[in-house]
Amino acid sequence: MNTNQDILLTIAATLRSFLDPLLGNPDVVDVTMYGVALAAILGIIFGNAVILVWAERKVAGYMQSRPGPNRVGPIGLLQTVADTIKLITKEDIRPKGVDRWVWFLAPVVLFVPTLAAYAVFPFSEGLIAVDLNIGLFYFLAVASTVTIPFLMAGWSSNNKYSLIGGMRSVAQMVSYEIPLVFSLIGVVMLVGSLKMSSIVEAQSGIWFIFLQPVAFLIYVIAATAETNRTPFDLVEGESEIVAGPMTEYSGMKWSLFFLAEYANLFAVSAIATTVFLGGWQPPPMPAVMRDAVAFIPGWIWFAAKTYFMIFLFMWFRWTFPRFRVDQLMSFGWKVLLPLALANILVTGVGIYAYRIAIGG
Amino acid sequence: MAISLLEKYSVDEVFAPFQEVVQVEGEGVSQAVVVPKEKLVTIMEHLAQNFSLDYLSDLTAVDRGEKGFEVVYNLFSISKKFELCVKTLTSQSEAEVPTVIPVWPGADWMEREVYDLMGVTFAGHPNMTRLLLPEEFEGHPLRKTFKLQSRA
Amino acid sequence: MQTQTFELNMGPQHPATHGVLRVVLELDGEIVVKATPVIGYLHRGIEKICENRTYVQSIPFTDRMDYLSGMNNNLAICQTIEKLMALEIPERAEYIRVITAELNRIASHMITIGVLALDLGGWTGMVYCFRDRERILDLFNSLCGARMTFNYIRVGGVGWDLPEGWLDECRRFLKDLPEMLKTYEDLISGNEILQMRLKGVAPLSAERAIAMSASGAVLRASGVDYDVRKANPYGIYDRFDFEVPLGTSGDNWDRFYLRYLEIIQSARIIEQALEQIPEGPVMAKVPKMIKPPVGEVYHHVENPRGDLGFYLVSDGSPKPYRWHARRPAMINLQLLDELSRGTFIADVVATLGTLDPVLGEVDC
Amino acid sequence: MNETVYVIAFYILAAIVLFSAIGVVVLKNIVHSALLLALTFVGVAGIYVLLNADYLAAVQVMVYAGAIAILIAFGVMLTRRPNMKESNPFNSSAVVGFVVAAGLFGTMAWAILTTTFPLGLTAPTDEISVRGVAKLLLEDYTVSFEAAALLLTVAMAGAIIIAKGAKKA
């Protein structure tokens with residue numbers, strides 16, 4: 001345990017000690033604290049989306065040698081606010097012939113797994129909503145259901161572009177989930193636990209990106225596909241199928257898709273940080289420097305690494321053209337999957353050899 | 001520099017089998033060969049095969065009023081760099097010439113455009129429908145009888 | 001397994017149909033069984049309008065046909081009228097025409113390359129192409145006050161002489177061009193995903209390309225050496241030393257990359273023209289009211305999109321009796337169906353991008 | 001966890017499972033049925049969580065909701081029907097169906113009631129769920145585990161061949 005307590009944990013402890021006498025029953029306090037955690041996660045998602053919408057445009061502008069948004073507020077910082085107001089005040093059009101309930105629920109349902117996934121992110125030491133024993137596996141399970149709302153939106157819109165987009169989303173997400181899961185198994189084998197905090201703590205010596213570079217590569221590629229971002233943005237593919245499942249959505253419903261996209265982007269980046277980049281721990285450095293930076297709370301490191309990953313994904317998006325659907329599938333099944341399997345095998349052999357070596 | 005086929009060969013040489021039905025019209029840049037529409041496809045095949053006029057540059061039609069419609073084919077030879085303008089005439093009432101799609105498949109849309117705007121049908125065309133104008137449009141605007149409506 | 005095909009109506013409102021083109025796709029899953037282009041949404045009846053205008057008045061209409069290469073269109077219609085009148089035009093005007101037409105070709109090809117990148121999902125490549133095209137549009141703007149609809153090339157020469165310093169600005173652009181091309185190579189044509197998307201897709205044989213009257217880069221990508229500037233030189237193109245880049249298989253990659261290579265050749269032509277350009281008048285003696293002699297003429301030039309031809313019939317009056325344009329984009333677009341069959345939806349977009357229709361010209 | 005919270009959560013989840021299961025059977029639009037099936041799976045996963053079987057819950061979500069339900073919905077959505085509202089018609093054997101279901105329910109109730117469950121043998125400890133499952137699968141039942149894997153591979157290959165259509169030599 002750190003001697004200088006994290007400020008956010010202090011706040012949580014203070015809140016708890018304040019609630020304790022007020023509510024009496026410790027269980028009610030527990031439930032209330034879960035509520036607080038949920039509110040905090042929602043705050044992270046919304047705040048993050050606000051930053052990312054602006055950041056993505058700025059990054060795009062930077063890549064395209066243009067200034068990007070710079071009219072609303074200083075260096076365009078209030079652009080997202082303006083966008084949000086525009087989206088909220090837009091007319092919410094419901095086209096004729098949509099399957100009303102399914103169509104209405106799709107963007108809402110999309111938000112549920114995204115929200116649920118945030119419960120297991122270790123933002124810092126002890127700063128985790130629920131530190132499940134099966135944390136990583138829980139994340140994968142929850143993330144696998146993201147396909148359903150896309151399929152719902154695609155089918156219920158009663159639009160052929162949307163349907164094609166829904167079909168693509170199923171094909172793509174189901175295919176890329178397998179290499180995604182397999183790329184993480186190597187790390188799990190090294191740690192011997194699925195618990196998020198254990199995975200991070202296991203990296204106090206060396207980050208897993210150095211032990212599992214291939215897995216990291218596979219993870220980044222598969223995660224790009226899972227979040228439907230270029231070069232794997234076939235689900236939207238605006239030059240082919242207009243906007244895929246989102247074609248018929250407008251106003252607030254459409255912005256929910258947008259919000260979920262950025263929430264997912266943050267989620268996969270956070271997992272990359274946790275699993276490969278040492279989570280909340282500062283980068284490996286000599287002990288003297290380590291003491292010097294000890295005042296920086298863990299969640300700052302976590303956020304810095306996560307935003308670095310997000311920048312990487314944005315960099316991909318604004319550089320690469322899109323794959324074609326058959327190339328996407330054959331890349332996933334014929335390249336990524338065998339590579340991920342080989343990585344697991346090599347990791348297993350490596351662990352065995354290491355055990356023999358140190359076992360004497 | 002591309003030259004007219006008729007500068008290199010005489011009319012008799014080029015149109016030996018069809019001498020009696022072929023006429024040369026105009027001079028200089030306006031020079032054209034007029035062939036009867038009954039012999040059109042045969043002559044075009046002859047030109048494409050024996051004089052390598054393999055490229056149909058342009059196909060259009062001119063409304064000549066009383067004389068009927070003139071369908072104009074501008075041919076080019078990519079290998080030999082010849083050019084030749086071939087015309088055929090069809091009467092106002094009939095307004096039909098055979099299609100040249102068997103010789104140059106690329107004539108498809110050009111013929112449809114002529115049909116659409118000039119109202120000359122091409123017999124044997126697989127899909128003789130309007131190209132640019134909507135199906136329910138009445139008349140053929142490039143005919144001289146089609147008067148433009150004045151702006152209200 | 002028993003499956004059914006279904007119909008997808010792509011366009012006339014669609015992000016990647018380059019305007020108001022509608023393509024009725026019959027699909028088996030994502031594979032195209034049949035692609036029927038439906039055109040005419042932008043038909044304005046320019047041919048009929050021009051028959052009711054004087055010859056000179058028809059020049060601005062050509063700007064609005066292929067609006068990405070107005071200079072080339074102006075050049076084509078003016079040379080057609082001049083050919084009909086047997087008019088000689090001053091040397092300096094000829095050189096200005098070549099310089100502007102080739103600059104316009106570069107601008108047009110930049111759009112083709114950039115928009116194709118965009119169609120394949122590469123936003124950034126498109127932005128760089130448009131940024132560099134802006135340089136050319138600025139040049140045109142300072143030359144004639146318009147960025148897209150120029151009406152600068154006139155019957156008998158050009159509208160007015162070049163403004164001061166224009167040639168230097170043009171030289172500066174040419175100096176920067178290699179760096180721009182390097183950027184495109186890095187961002188667009190050098191990208192493996194883009195090459196994967198284009199290579200081997202929708203090949204077109206040389207025989208078929210000729211038979212279908214294809215022209216421009218579409219024809220040359222199949223290996224047919226037909227560039228009107230070489231095959232039937234107009235103006236003073238026979239004085240310049242340049243190559244006609246040729247493809248081999250006629251697939252999407254060849255059609256795309258040919259445009260990249262053509263930019264280099266156009267730059268070569270401009271460089272030579274800039275060296276040779278003489279001083280002198282820029283307008284021949286042309287009567288105020290142009291009345292060409294009775295007759296008819298077909299004249300074609302190499303437009304960025306292909307073989308642009310004009311067929312004019314004169315009855316001796318101030319207005320053309322018949323005014324017809326052979327629009328390369330429309331004739332090339334015929335190939336969309338046969339090239340798309342058996343490919344994916346995403347390939348239809350790419351094929352369309354490499355056929356490069358401008359709907360203003362297709363519909364006319 | 002608090003008893004009241006646990007009870008409230010259980011009843012909410014049970015209600016979700018039951019009502020969506022009824023919806024699967026009753027709704028006339030087959031796509032709605034398929035989507036409710038996914039909801040049923042998720043609800044069952046929630047009940048697993050309440051039973052402290054978090055690993056099983058995650059597997060339930062991943063395999064059933066994340067894969068099986070999606071494939072069912074996917075398959076259903078791709079079949080074209082002129083009228084989606086009549087795509088899941090009641091068949092005429094409702095009575096027979098009811099009798100069979102009631103019989104099944106009776107048998108299961110009888111079995112549950114007459115079985116004596118050994119309660120409170122071992123309390124689930126940390127990590128045991130994953131490790132226990134892994135030990136069972138990869139040590140005690142290796143042969144059957146591998147046989148199942150092989151069978152699935154063969155089935156997948158077969159499905160691909162059926163879907164793509166055997167090439168005529």
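Per chain, numbering begins at 1; letters A, B, ... match sequence-line order. These numbers come from a predicted model, not from an experiment.
- Separating the NZ atom in B:K147 from the CG atom in C:N52 is a distance of 8.0 Å, to the nearest 0.5 Å.
- In terms of heavy-atom pairs under 4.5 angstrom with chain C, the leader among B:A61, B:P105, B:A32 is B:P105.
- With a 4.5 angstrom heavy-atom cutoff, C:A86 does not touch chain B via any of its atoms.
- Residue C:I210 holds its CD1 atom at 8.0 Å from OG of B:S79, rounded to the nearest 0.5 Å.
- B:R64 touches chain C through backbone and side chain together, each having a heavy atom under 4.5 Å away.
- A 6.0 Å sphere centred on NZ of C:K34 holds no more than 12 heavy atoms belonging to other residues, nucleotides or ligands.
- Here the NE2 atom belonging to C:H43 is positioned 9.5 Å from the CG atom belonging to B:L131, to the nearest 0.5 angstrom.
- Checking C:R326 against B:T60 by side-chain atom types alone, no donor-acceptor pair falls below 3.5 Å.
- C:G295 approaches B:S30 most closely through the heavy-atom pair CA-OG, 3.5 Å.
- Within 6.0 Å of the CD atom in B:E66, the count of heavy atoms belonging to other residues, nucleotides or ligands does not exceed 12.
- Within a 6.0 Å sphere centred on CD of B:E94, other residues, nucleotides and ligands contribute more than 12 heavy atoms.
- Heavy-atom neighbours of C:E88 CD from other residues, nucleotides or ligands within 6.0 Å: at or below the threshold of 12.
- Looking at B:Q31, neither its backbone nor its side chain comes within 4.5 Å of chain C, counting heavy atoms on both sides.
- Using a 3.5 Å distance cut-off with no hydrogens or angles, the side chains of B:D58 and C:H324 do pair a donor with an acceptor.
- Atoms CD1 and CG, on B:I78 and C:D225 in that order, are 9.0 Å from each other to the nearest 0.5 Å.
- Both the backbone and the side chain of C:S215 come within contact range of chain B, with heavy atoms under 4.5 Å apart.
- Both the backbone and the side chain of C:D363 come within contact range of chain B, each with at least one heavy atom under 4.5 Å from a heavy atom of that chain.
- With a 4.5 Å cut-off on non-hydrogen atoms, C:P37 touches chain B through its backbone and its side chain both.
- If you measure heavy-atom distances from B:V72 to chain C, the contacts under 4.5 Å come from the side chain alone.
- Within the 4.5 angstrom heavy-atom criterion, atoms from both the backbone and the side chain of B:D108 approach chain C.
- For the residue pair B:L132 and C:I39, the shortest heavy atom distance occurs at CD2-CD1, 3.8 Å.
- Heavy-atom neighbours of chain C within the stretch residues 47-54 of chain B, taken at a separation under 4.5 angstrom, comprise B:D54.
- In this structure, no portion of B:I101 lies under 4.5 Å from any heavy atom of chain C.
- Using modelled atom types, one side-chain atom of C:Q334 and one backbone atom of B:G106 make a donor-acceptor pair closer than 3.5 Å.
- Counting heavy atoms from C-beta outward, B:W109 and C:L333 have side chains that approach closer than 4.5 Å.
- At a 4.5 Å heavy-atom cutoff, B:K80 makes no contact with chain C through either its backbone or its side chain.
- Side chain of C:K48 to backbone of B:F146: a donor-acceptor contact under 3.5 angstrom is found.
- If you measure heavy-atom distances from C:V224 to chain B, the contacts under 4.5 Å come from the side chain alone.
- In this structure, the side chain of B:Y55 does not engage the main chain of C:Y226 through any donor-acceptor pair within 3.5 Å.
- Using modelled atom types, no side-chain atom of B:K81 and backbone atom of C:A231 make a donor-acceptor pair closer than 3.5 Å.
- Nearest heavy atoms, C:S213 versus B:L56: OG-O, 2.8 Å.
- In this structure, C:Y321 and B:G65 approach most closely via the heavy-atom pair OH-N, 4.0 Å.
- Residues satisfying the side-chain hydrogen bond (donor to acceptor under 3.5 Å, both in side chains) criterion with C:Y311, sequence neighbours excluded, are C:E296.
- Within the 4.5 angstrom heavy-atom criterion, only side-chain atoms of C:E51, from C-beta onward, approach chain B.
- In this structure, the side chains of B:F76 and C:H300 come closer than 4.5 Å at one or more pairs of heavy atoms.
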Verdict with reasoning, C:R327 to B:E113, per salt bridge (Lys or Arg N to Asp or Glu O under 4.0 Å)
CA-CA 11 Å; C:R327 285 111 55 202; B:E113 191 192 7; 2.5 Å; yes
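- Among B:D63, B:L117, B:D116, the residue making the largest number of heavy-atom pairs under 4.5 Å with chain C is B:D63.
- For C:V313, the part sitting under 4.5 Å from any heavy atom of chain B is the side chain, from C-beta outward, and nothing else.
- A 4.5 Å side-chain heavy-atom check between B:C85 and C:Y298 finds every atom pair outside the cut-off.
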